[in-house]
Number of protein chains: 2
Amino acid sequence: MTTTGEGTDQRAAPPATAADLPAATVRRLPEYLRALGALSESGVDTVSSEILAGATGVNSAMLRKDLSQLGASGMRGVGYSVAALATHIAGVLGLTKDSRVAIIGLGHLGQALARYPGFSERGFDIVGLFDADPGIIGRDLDGLPVRDVALLGRAVRDEGINIGVIATPGAAAQHVADLLVDAGVTSILNFAPCVLAVPQGVAVRKVDLAVELQILSFHEHHKTLGRSEAQINKRRER
Amino acid sequence: MTTTGEGTDQRAAPPATAADLPAATVRRLPEYLRALGALSESGVDTVSSEILAGATGVNSAMLRKDLSQLGASGMRGVGYSVAALATHIAGVLGLTKDSRVAIIGLGHLGQALARYPGFSERGFDIVGLFDADPGIIGRDLDGLPVRDVALLGRAVRDEGINIGVIATPGAAAQHVADLLVDAGVTSILNFAPCVLAVPQGVAVRKVDLAVELQILSFHEHHKTLGRSEAQINKRRER
DNA sequence: TCCTGTGAATTTCTTCACAGCC
DNA sequence: GGCTGTGAAGAAATTCACAGGA
């Protein structure tokens, strides 16, 4: 995973809530949700764990275990209600209210993120764009102006921004993270190739595009040595 | 994370090679490499596991275990040679020879990827751009023309492309993956929001930007519900 | 003394396999 | 018969803790 910022909870057993879901389960929930959306559009209204697992590349027992941990419940002999399950997962993920996102750093990647339709489609409103480069400040991206990063803290407070996406060069990323944290943001998605230091309680997820390619490079490099293991891929008719 | 394509190895013990590295270790190697590069630029030439672990956000015992599995070896009482370790890791990852990458789908995201300097900086040469949209085919991106995706198979073979990056809409992704696989590509990085079916032996890694935000949304949603967390502000370090 | 390398313990994640309900 | 929910087993990943070399 390419992720940091997880909190470790060593507190004496509190009443179990959805907040106690294993990290591995949380990672899979968005995937389930996407598959459910696709099924829903195809007019399917009930689905078995076997089918849904196939559509998301996981084992069906794991899927059932994940769902039972949510408190979601299927019907024995029948399966899960697509609509009910989607609603339930969306609720657990907190997608019932839209999040307000700021993107900091509007180079090529930041601009692509700003225009990525997948964000607004899934309830993430991009409400602020910030950069430090005077040559970029003032530009307009699909109706949103790029503002000076010096205005970031105030904007976070005034505009209810709760997620920050950092797409700056590595050298600027820590400074931006500090600004976000000081303004009260507790969720950060970091595309810069560096590890961010943040206080406990702030969640950081990191996506490094070059890292992904390097992992592929490893597989490519060692494939000749007679291995395979893709296994998620049961082959499929096509 | 938000990643797939990892293998589970249930084969009877083959001669141990670098190819048998645990998936979790492989995922961390690029991160170590990046940190080593930064140290190297700062003129540091020896580093302890404690320091390097700090720079990459992992536990020092895990770092040592990872490195010892590579066959890399440090000097007791001293640490690791930054240069030697970087060379060693790059070798294991197969970064000694440049990879040849094709990007398929040149919407906003694909264009940003095509221009992302991090790829070429780390030895990934983008040598082909492909799209199905006549309005995009023929455009020029920093000197590379966007070609018709119908030419993809031939280009893979003629130009030695060994990694495919899919940045198309979800509906087109499986078709593109099939083209890549049929042409002999065995490493695919998928940005489309769907699970790809590929034969065994093909490595697929998936990056879904919206998934990352949804995971953050979960943390955001449950942070308030989480127990008091009296000392959310442990603050410190950086 | 400082730091690596590693067995053992621990925790987390995944799969199996089957009881129970429709 | 089909399918969920789950205890128990198994595998993987992580951390501990310390022996031993420089």
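Below, chains carry the letters A, B, ... as their sequence lines are ordered, and counting in each starts from 1.
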Q.
Please confirm whether the shortest side-chain N or O distance from Arg28(A) to OP1 or OP2 of dT14(C) is below 4.0 Å.
A. yes
**Q.** Shortest side-chain distance from Ala61(A), nucleotide among dT14(D), dT6(D), dT6(C)
**A.** dT6(D)
Q: Answer yes or no: does a side-chain N or O of Tyr80(A) lie under 4.0 Å from OP1 or OP2 of dG2(D)?
A: no
Q. Would you call Glu31(A) and Arg28(A) a salt bridge, using N to O less than 4.0 angstrom?
A. no
(Q) So, OP1 or OP2 of dC13(C): does either fall under 4.0 Å of a side-chain N or O from Asn59(A)? (A) no
Q) What's the CE-P distance between Met62(B) and dT4(C), to the nearest Å? A) 15 Å
Q. To the nearest angstrom, how far is Glu50(B) atom CD from dC2(C) atom C1'?
A. 12 Å
Q | salt_bridge(Asp208(A), Arg122(B)) N-O dist < 4.0 Å | A | yes
Q.
Quick check for you: among dT14(C), dC16(C), dC21(C), whose closest atom lies nearest to any side-chain atom of Ala24(A)?
A. dT14(C)
Q: Take the protein atom NZ of Lys65(B) and the nucleotide atom P of dT14(D), then report the distance between them rounded to whole Å.
A: 11 Å
Q) Leu63(A) has an atom CG; how far is it from atom C1' of dT6(D), in whole Å? A) 14 Å
Q) Hey, what's the ring geometry for Phe218(B) with His222(B), parallel, tilted or perpendicular (30° and 60° as the breaks)? A) tilted
Q: Could you check which of dC13(C), dA22(D), dT14(D) has an atom nearest any side-chain atom of Pro22(A)?
A: dC13(C)
Q.
Quick one: does any side-chain atom of His221(A) pair with a main-chain N or O of Val92(B) as donor and acceptor, under 3.5 Å?
A. no
**Q.** Ser49(B) side chain near dC3(C) phosphate (N/O to OP1/OP2, under 4.0 Å)
**A.** no
